[in-house]
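All remarks here apply to the structure that follows.
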Amino acid sequence: YYCFRALSEENDDYFQPYKQVLFQLSDQVSSNEVRDLLQLGINFCIKQLNQGINNYIAEAFNLYRLGLERELLYNEGFITRFAYKNIVALGLNMEEYEWTEQFLLQYKERLQPRYRKSNFNFNRARWFYTQKKYEAAYRHLQAVDESDFLLSFGAKIMLIKMYYELNELTALESLLDSFRVQVNRKKGLSYHKLHFLKTIKFTKQLMSLMPKDKEKIKALKEEILEAGVLGEREWLLEQLAKIEG
């Protein structure tokens, strides 16, 4: 009941009692039922996060941890690559670096064999990137399979951020231009296409800004804040704040 009301009305007033009852009764209800209810709760959190409501980071992280503890995230013995990626992203956002590294290594073998190498390397690169260990991150990004275009494009976004932070502007300019061509040519990207193109556009604008450009900085900040779907919003605003001083 609480889960249905939370999902149908997108209302946190129902999500909180849903979560409370789920945690209380998770060991008293059949695994299949708990698995379904857990996934619905995770979907609710992900939807809120996609809308920029970041207080659901902890909510989603705790639901995933319940799923791991109760072994509710497996499908035919494997954890999906999407759950693996989401758990790593949430753990890093929570600054649970040691826990996330342990998860990365422990659950690597639980990924389906055909997705294992590429997904492990992408997420391991993300872990190293958050530690500012760019050389190690770059090595792992090189092992990401180009045929998985969303993972490959995600790797390019990470590389864009690394080049920018390292001030490797020539390499960054070249990557931004080639990546834009790839994104425009790729079919079936849906809303991801907007995210990628906006990230390319805003990064190019960041590159041309100077601390004295107060009006341009203000205008870009407003545009980023109002940009709708944009997964790198926080990173872009962080770089903008550094320019502004």
Side-chain angles (χ1 to χ4, degrees), residues 6-15 39-61 63-64 81-83 85-94 122-123 126 129-130 148-165 172-173 175-209 213-244:
L7 286 164
S8 60
E9 301 176 29
E10 293 192 30
N11 192 330
D12 188 69
D13 290 341
Y14 293 107
F15 176 78
Q39 190 59 58
L40 288 170
I42 289 171
N43 292 346
F44 176 85
C45 292
I46 299 299
K47 187 172 183 179
Q48 305 311 305
L49 290 171
N50 287 338
Q51 294 173 12
I53 307 174
N54 287 337
N55 58 307
Y56 279 91
I57 291 172
E59 301 284 16
F61 184 63
L63 288 176
Y64 270 121
R81 63 193 191 277
F82 307 110
K85 183 180 176 183
N86 285 344
I87 291 168
V88 171
L90 291 165
L92 293 175
N93 267 292
M94 294 284 291
F122 175 86
N123 287 289
R126 179 184 279 183
Y129 167 76
T130 63
D148 187 335
F149 68 88
L150 280 181
L151 208 61
S152 173
F153 284 7
K156 286 181 171 62
I157 290 289
M158 202 185 311
L159 194 56
I160 284 168
K161 291 158 68 174
M162 287 166 54
Y163 282 159
Y164 182 89
E165 292 175 31
L172 176 57
E173 187 76 42
L175 177 58
L176 288 169
D177 290 339
S178 63
F179 186 37
R180 181 171 54 197
V181 172
Q182 277 187 291
V183 171
N184 281 321
R185 285 179 176 172
K186 187 67 181 177
K187 296 180 180 179
L189 284 175
S190 64
Y191 72 90
H192 295 288
K193 183 172 185 176
L194 286 176
H195 158 61
F196 294 136
L197 291 177
K198 287 175 186 177
T199 302
I200 293 167
K201 171 190 169 183
F202 290 139
T203 304
K204 276 185 170 287
Q205 288 178 265
L206 280 176
M207 292 169 67
S208 66
L209 285 177
D213 297 329
K214 301 298 182 183
E215 289 301 316
K216 289 183 179 179
I217 290 171
K218 181 182 177 182
L220 180 56
K221 183 177 181 179
E222 290 176 357
E223 192 175 355
I224 291 170
L225 287 169
E226 298 171 2
V229 175
L230 183 61
E232 305 304 328
R233 193 188 320 275
E234 288 188 20
W235 179 82
L236 289 163
L237 292 173
E238 181 184 335
Q239 307 315 311
L240 197 59
K242 290 177 182 177
I243 296 171
E244 192 173 18

Let me confirm one number: the [atom1]-[atom2] distance from [X] to [Y], rounded to the nearest 0.5 Å.
{"X": "H195", "Y": "F153", "atom1": "NE2", "atom2": "CZ", "value": "11.5 Å"}
{"X": "L237", "Y": "K221", "atom1": "CG", "atom2": "NZ", "value": "7.0 Å"}
{"X": "M207", "Y": "Y164", "atom1": "CE", "atom2": "OH", "value": "8.5 Å"}
{"X": "F179", "Y": "N184", "atom1": "CZ", "atom2": "CG", "value": "10.5 Å"}
{"X": "R126", "Y": "L92", "atom1": "CZ", "atom2": "CG", "value": "7.0 Å"}
{"X": "D148", "Y": "R81", "atom1": "CG", "atom2": "CZ", "value": "6.0 Å"}

Among residues at least two apart in sequence or on other chains, which ones pass side-chain hydrogen bond (donor to acceptor under 3.5 Å, both in side chains) with [X]?
{"X": "K193", "answer": "none"}
{"X": "E244", "answer": "none"}
{"X": "N86", "answer": "Y64"}
{"X": "D12", "answer": "Q16, Y56"}

Side-chain heavy-atom pair [X], [Y] within 4.5 angstrom cut-off:
{"X": "K204", "Y": "K201", "value": "no"}
{"X": "Y14", "Y": "E9", "value": "yes"}
{"X": "Q182", "Y": "K156", "value": "yes"}
{"X": "W235", "Y": "T203", "value": "yes"}

Looking only at heavy atoms, what is the nearest atom pair of [X] and [Y], with distance?
{"X": "L189", "Y": "V183", "value": "CD1-O, 3.7 Å"}
{"X": "L172", "Y": "I160", "value": "CD1-O, 3.6 Å"}
{"X": "L220", "Y": "F202", "value": "CD1-CD2, 3.6 Å"}
{"X": "T199", "Y": "I157", "value": "CG2-CD1, 3.7 Å"}
{"X": "L49", "Y": "A60", "value": "CD1-CB, 4.4 Å"}
{"X": "L240", "Y": "I217", "value": "CD2-O, 3.8 Å"}

Are E223 and Q205 close enough, and set up right, to give a side chain to side chain contact (heavy atoms under 4.5 Å, CB included), and what steps lead you there?
CA-CA 11 Å; E223 192 175 355; Q205 288 178 265; 4.0 Å; yes

Is the F44 ring parallel, tilted or perpendicular to the F15 ring (thresholds 30°, 60°)?
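Aromatic pair F44/F15 classed parallel.
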
Around atom NZ of K242, are there more than 12 heavy atoms of other residues, nucleotides or ligands at under 6.0 Å?
yes

Considering residues, nucleotides and ligands other than E238, do more than 12 of their heavy atoms fall under 6.0 Å from its CD?
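Atom CD in E238 is packed in, count exceeds 12.
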
Identify every side-chain donor-acceptor pair in residues 225-233 under 3.5 Å, counting partners at least two apart or on other chains, and give the distances.
{"residue": "E232", "atom": "OE1", "partner": "K161", "partner atom": "NZ", "Å": "2.9"}
{"residue": "R233", "atom": "NH1", "partner": "I224", "partner atom": "O", "Å": "2.6"}
{"residue": "R233", "atom": "NH2", "partner": "G228", "partner atom": "O", "Å": "2.4"}

Can you list the residues that meet the side chain to side chain contact (heavy atoms under 4.5 Å, CB included) rule with K216, with sequence neighbours excluded?
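In terms of side chain to side chain contact (heavy atoms under 4.5 Å, CB included), with neighbours along the sequence ignored, K216 is linked to L209, D213.
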
